[in-house]
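Notes follow the structure.
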Amino acid sequence: MEARESWAALAAGGVAGVCVDLILFPLDTVKTRLQSPQGFRKAGGFRGIYAGVPSTAIGSFPNAAAFFITYENVKSMLYHGSTPYLTPAAHMVAASLGEVVACLIRVPSEVVKQRAQVSPSSSTLQILSRTLYHEGIQGLYRGYKSTVLREIPFSLVQFPLWESLKAGSSNASGNVLAALGGIWRTQGLSGKFLNTDSRKTSSCAPRQRSELGCLSLFAGVVPRMAAISLGGFIFLGTYEKTRQLLL
């Protein structure tokens, strides 16, 4: 993979991450508060809907950039000498490694963001300082395994489908539209992984749920599926268009 292509993937990924996270932040706040052990109203309800946005704004660019630079480079390496029928497997491996790397940046940002979302009276800096003081650096990586387990299965479906639809289209605009249409059709799968997301949110919160029922594992399913559906269009569409402009 050429240096220019790597820089394009890095920049386009960062731009796409910032766009999707800031646009859909209110939906993410609602989802997090629905999953909060305190309950939606006590966690803030619809008040302070942009609480925690500084950590998201800071973490979005490096997080998405890390994913795409890893994804594109691993995909490029695996393409050499691979047979066509193994191409989806290359996309799966590349996406999985991209998620593992990206989560090293994403999880600390998510921990601070989610604690700010359920404690709107505290600033992002106060929550970061409190977490480091009481829990140390490991406190910022609370829920790392759950996050990786949530992201990888979804990426195993999303990125091979995205790449195959792009390859099957005849022009650049068709690539994006066809690919994003396919991504939208896969968003129903995210509901299957919502229980993992609920456990991750609980582990990021200062207090655990004392009693987890089956229904509580699917708290926030509507805003999460809405956010992921819209996010697929915004994230991959912005990435593809920005990358095309830079190359």
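Numbers here simply count residues along the sequence, with the first being 1. Side chains are part of it too, since the values below use all heavy atoms of this structure and drop only hydrogens, waters and symmetry mates.
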Look up atom CG in Leu149 and atom CD in Glu99, then write down how far apart they are to the nearest 0.5 Å. 11.5 Å
Whether Thr70 side chain and Ala66 backbone form a donor-acceptor pair below 3.5 Å: yes
Do Leu247 and Trp7 make a side-chain contact, defined as non-hydrogen atoms from C-beta onward lying under 4.5 Å apart? no
Could you check whether any side-chain heavy atom of Lys113 comes within less than 4.5 Å of a side-chain heavy atom of Phe25, counting everything from C-beta outward? yes
Given the rule that I, L, V, M, F, W and Y join up when any side-chain heavy atoms are under 4.5 Å apart, are Ile23 and Tyr239 in one cluster? yes
Is the shortest side-chain heavy-atom distance between Leu156 and Ser96 below 4.5 Å? yes
4.5 Å side-chain heavy-atom contact, Arg142 and Glu135: yes
Between CG on residue Asn63 and CD1 on residue Ile58, distance to nearest 0.5 Å: 13.0 Å
Nearest 0.5 Å, what's the OH-CG distance between Tyr133 and Leu128? 15.0 Å
Ring pair (Phe, Tyr, Trp, His ring centres under 6.0 Å) involving Tyr71 - partner list, sequence neighbours excluded: Phe67, Phe159
Side chain to side chain donor-acceptor pair (under 3.5 Å) against Ser123, all qualifying residues, sequence neighbours excluded: Gln126
Quick check on the hydrophobic clustering: are Leu245 and Val15 connected, directly or via other members, by side-chain heavy-atom contacts under 4.5 Å? no
Which heavy atom of Tyr141 sits nearest a heavy atom of Val107, and at what distance? CA-CG1, 3.8 Å
Interatomic spacing from CD in Glu151 to CD in Gln158 - rounded to 0.5 Å: 9.0 Å
What's the shortest heavy-atom distance between Leu10 and Phe61, and which atoms? O-CZ, 4.4 Å
Nearest 0.5 Å, what's the OG1-CZ distance between Thr238 and Phe233? 12.5 Å
Tightest non-hydrogen contact, residues Gly17 and Val20, listed as O-CG1, 3.4 Å
Between Met92 and Ile152, is there shared hydrophobic-cluster membership here, with clusters defined by ILVMFWY side-chain heavy atoms closer than 4.5 Å? yes
Is a side-chain N or O of Ser164 found less than 3.5 angstrom from the main chain of Leu161, in a donor-acceptor match? yes
When you check the side-chain N and O atoms of Arg115 and Thr131, is any donor under 3.5 Å from an acceptor? yes
ILVMFWY cluster, Phe68 and Val101 together (side-chain gap under 4.5 Å): no
Count the heavy atoms belonging to other residues, nucleotides or ligands that lie under 6.0 Å from CD of Gln138, then report whether that count exceeds 12. yes
Quick check: closest heavy atoms across Ala11 and Leu246, and the distance to 0.1 Å? CB-CD1, 3.7 Å
Closest heavy-atom contact between Thr147 and Gly143? OG1-O, 2.8 Å
Quick check: closest heavy atoms across Pro88 and Pro160, and the distance to 0.1 Å? O-CG, 3.9 Å
Heavy-atom check, side chain of Leu22 versus side chain of Ser60, under 4.5 Å: no
Could you see if Ile105 belongs to whatever hydrophobic cluster contains Leu140? Use Ile, Leu, Val, Met, Phe, Trp, Tyr and a side-chain cutoff under 4.5 Å. no
Quick one: are Ile127 and Val111 in side-chain contact, heavy atoms under 4.5 Å? no
